[in-house]
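So that the names make sense, note that chain A is the first sequence line, chain B the second, and so on, each numbered from 1.
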Amino acid sequence: MTASFKTLVGIAGIAAFVGAGCSQSMASHDAMAMASPSMSSSGTKAAALRTTLNNLFAEHVWLAGAATGAALGGRDADFKAAAAALDQNSVAIAKAIGSVYGSDAEQAFLPLWRKHIGFAVDYTMGVAANDRAKADKAVNDLVGYSQDFGAFLQSANPNLPKSVVADLVKHHVVTLKTVIDAQAAKDSEKAYAALRTAAGHMQMIADPLAEAIVKQFPDKFAG
Amino acid sequence: MKLTGVAIGWAIAVAAATTAADAATGINVQLFQFRPGTIAVNAGTRVTWTNHDEIEHTVTAGVPAKPAGGFDLALGGQGATASADFPTPGTYTYFCRRHQHMRGEVKVN
Ligand SMILES: [Cu+2]
């Protein structure tokens, strides 16, 4: 039940994303192209990897939205709990990376991943305090970060071009920023709609990542 | 890169002057890690870092909270190399300023 629910959410998110017809359509097209569909991706192990990554990345957005919503609502205890759960999700994502690329890569990935959460928190705090400079700096940091993240994945997997990954991460940032802005404006309806879009967008990262990994290690994911 | 260290036994070699690093004195910077993370060399050795990531890293003496100031090398992107000479025995830690979880150590005998 959970899986099909997430799939539906994913599809809805993609539809909203495509429907927006924004400049990101190039990036999503590239993302599709960079890991060409193959029979290997339909194998059980490949499907399991894809499901794992989709679940973890979607969870990342739900928990991030819960954390920023609590922060902007002034619910301290709630924020701390959400942030803690979000970090557990980060550790799980790093473990998934480690399961493919080894523990050294896992240890390098985790601080890098946590960094973008730190920037998102900075943005949230900037917005909450009406501190434009802080919010702008956080956005710049996040955009710069997308290059680092792209470089990391490209180093890990030549099937993941840095520029494509960076664009996808940028879009992740933009979709989450929309959530935070709506939360700050106390527009719950918009915030939750944006949260669904943001969570759905993660499939644009999880699917190509899973495809690229399967393509890189066809033997490991055969069958 | 501005070098602030004085008389602590560092000498910075010009990156362009270095040739391909040999296995014993070369450190690869890959997947946001220094590999190997710890290297042991004899005094007087020139150590060369080669960047395999398509992003800038630095090789900066010390630890983030306390840069040692001895050297601060920029590795501009994939394929970039930089070197430092280690004339004096000791243990030299270093990190990347852009990604401060990246740490390494040169043990000079
Ligand atoms: Cu670095």
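Ranked by heavy-atom pairs under 4.5 Å with chain A, the list Gln100(B), Met102(B), Arg98(B) is led by Arg98(B). In terms of non-hydrogen atom pairs under 4.5 Å with chain B, the most contact-rich of Gly144(A), Gly150(A), Ala151(A) is Ala151(A).
Take Arg35(B) and apply the salt bridge (Lys or Arg N to Asp or Glu O under 4.0 Å) test, not counting sequence neighbours, and it matches no residue. Scored by the side-chain contact (heavy atoms from CB on, under 4.5 Å) test, Lys177(A) finds Tyr123(A), Val139(A), Asp181(A) as partners (sequence neighbours excluded). Under the ring pair (Phe, Tyr, Trp, His ring centres under 6.0 Å) criterion, Phe32(B) pairs with Phe152(A), His57(B), His99(B), not counting sequence neighbours.
Scanning residues 85-116 of chain A against chain B with a 4.5 Å heavy-atom cutoff picks out Asp104(A), Ala105(A), Ala108(A), Pro111(A), Leu112(A), Lys115(A), ordered by number.
Here the CD atom belonging to Glu56(B) is positioned 10.0 Å from the CG atom belonging to Asp148(A), to the nearest 0.5 angstrom. Interatomic distance, Ser155(A) OG to Leu31(B) CG, rounded to the nearest 0.5 Å: 6.0 Å.
If you measure heavy-atom distances from Gln154(A) to chain B, the contacts under 4.5 Å come from the side chain alone. Only the side chain of Gln33(B) comes within contact range of chain A, with at least one heavy atom under 4.5 Å from a heavy atom of that chain.
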